[in-house]
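For clarity, every value in this text was computed on a predicted model and none was experimentally measured. Every chain is numbered from 1 and lettered A, B, ... according to where its sequence line falls, protein lines coming before strand lines.
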Amino acid sequence: MQLYKDQPLRIHNSLSGKKELFQPINKGHIGMYVCGPTVYSNVHLGNCRTFMSFDMIFRYFRHLGYKVRYVRNITDAGHLENDADEGEDKIAKKAKLEQIEPMEVVQRYTVDFHNTLQKFNLLPPSIEPTATGHIIEQIEIIKDILEKGLAYEVNGSVYFDVVKFNEDHEYGKLSGRKLEDMIANTRELTAQDEKKNPQDFALWKKAEPQHIMRWPSPWGDGFPGWHLECTAMSTKYLGETFDIHGGGMDLKFPHHECEIAQAEASTGKSPVKYWMHANMLTLNGKKMSKSTGNNIYPSEIFSGDNNILSKVYSPAVVRFFMKQAHYTSILDLSDDALLASEKGYNRLMEAMTGLKDLKTGTTSDFDVAAWKQKCYDAMNDDFNTPILIAHLFDAVKHINLIKDDQETITSVDKELLEATLNAFVYDVLGIENQALAKDDSKALNGVMELLIQIRNDARTNKDFATSDKIRDELTALGIQLKDGQEGTTYTLK
RNA sequence: GGCAUCGUGGCCGAGUGGCUAGGCACAGCUCUGCAAAAGCUUGUACAGCGGUUCGAAUCCGCUCGAUGCCUCCA
């Protein structure tokens, strides 16, 4: 199904600052690279939002019928604590702290990363390469840039010559900066700095004797610079020019700017057609950040072990909450907002759960085909999930009216409605219906039918003490009774 | 200090020139033995000031405020 032929998609390109019609380089195929985590600690919820945003984008592309190669890396080396010469590798630092091998650190937090994303129902990427698995490729790129005269070696380290690069290229075009301004705004070089200019960045760093993570290179033992790994891996798996490069907003500068510089220096081509940046999740109005400690971990939300939220929230509710905001907007996490989302989520799921049994009639009061296209229009407008969700609630309203015998729907429309809702909610938004996953055993249904019958008998006999007791006790157990036109049903909370 | 983004009704959050966003909360009504659920109805929101325009939340300018990046962070 090549839906994309009928669904023109517009994407906000960070490089141009505009929404552009999406046209893949190779018809029907998409190459997408997203900067993954540095695995030196557990992923916090802010990290998850970015990956969830790109998961939704990946899912929509697939839904449209594109063949997508989605590459998301694992940074397991090269990410320094800071830009200074004595900067320590994040992984190595953690390893020292916990007195374990660096690769044990990597393994531990990679597993945590995968487990957490799985809870949020993220699809695995097509390829998940690691920096340490691509040292050779990185060295080759450095050699290439050195040959072209856009990098220089000092004392076993290699730096990218930003000033020289800027003579024929435009350094800063992604982040809207001008090199002259940056130079004017930087403090003078520290005396021991090896770099020609503060803007220069490391392609290769010499490993001091005490450094554990080291690899041989033409410039001696060392390790690759952080920015380089993404260039190496994206080029290897997606080619010198590919469709989409994504990542968190905070990576725009310098990380992505440097990627552009490296690629252009090496291949002479602009590496990416569409740059996409997902915005931050804030907590208490401030960006979530590992370094400042202003963050919350997914496990703390699922367990309730935190002092920010009043109750436990499920992964599906958190995912739904995040999809109610556009991926390019800052989203603030709060208990009130999650509470509101949870209720909305429940309403949506309840409407969808009974969809199969919806009665059909000879006419439809609801123009399902037009509604369906509105859903696509929302997604085609730069993945506007909040608008999509607004339309989904329009459908919920009609479903409830039909259940209430206030509207009718034809069987053809019903099928279309069900298929469309399933596609958008489950496949595209990736929101799981936890009501369906709950215990729905024959035994429970039998017991519930019995209780409902006893209660209704009591009500008929005006024995409200008994009927209310059944209702209240069930409520306390998390089972809600609903008295409708067609009798009483129940849902598990 | 530089660059960038943003400021929408009680809360969250869409919307870039004229047409109801949506969710949650609140209130009233219908239904109910009472509730819950569901449905219906109601909100004269767009930081402030000035300008452009027949018309601006939406464009321009200024002011105030917030956030992000400029050093590691999705």
Around atom NZ of A:Lys359, are there more than 12 heavy atoms of other residues, nucleotides or ligands at under 6.0 Å?
-> yes
Using the [atom1] atom on both, measure [N] against [M] and round to a whole Å.
N	M	atom1	answer
B:rG10	B:rC26	C1'	8 Å
B:rA47	B:rU5	C1'	16 Å
B:rA66	B:rC29	C1'	42 Å

Taking the inter-plane angle between the rings of A:Trp275 and A:His256 on a 0 to 90° scale, is it parallel (under 30°), tilted (30 to 60°) or perpendicular (over 60°)?
-> tilted
What about [X], does its side chain sit under 3.5 Å from the base of [N] through a donor-acceptor pair?
X	N	value
A:Arg471	B:rA35	yes
A:Asp483	B:rA35	yes
A:Asp332	B:rG13	no

Verify the contact: side-chain N or O of A:Lys286 to OP1 or OP2 of B:rU67, cut-off strictly under 4.0 Å; return yes or no.
-> yes
Integer-rounded Å distance: [N] [atom2] and [X] [atom1]:
X	N	atom1	atom2	value
A:Trp371	B:rG22	CH2	C1'	14 Å
A:Leu481	B:rA35	CG	C1'	11 Å
A:Ile389	B:rG15	CD1	C1'	16 Å
A:His44	B:rC72	NE2	C1'	12 Å

Ranking B:rC12, B:rG13, B:rA74 by distance to the side chain of A:Pro386, first place goes to B:rG13
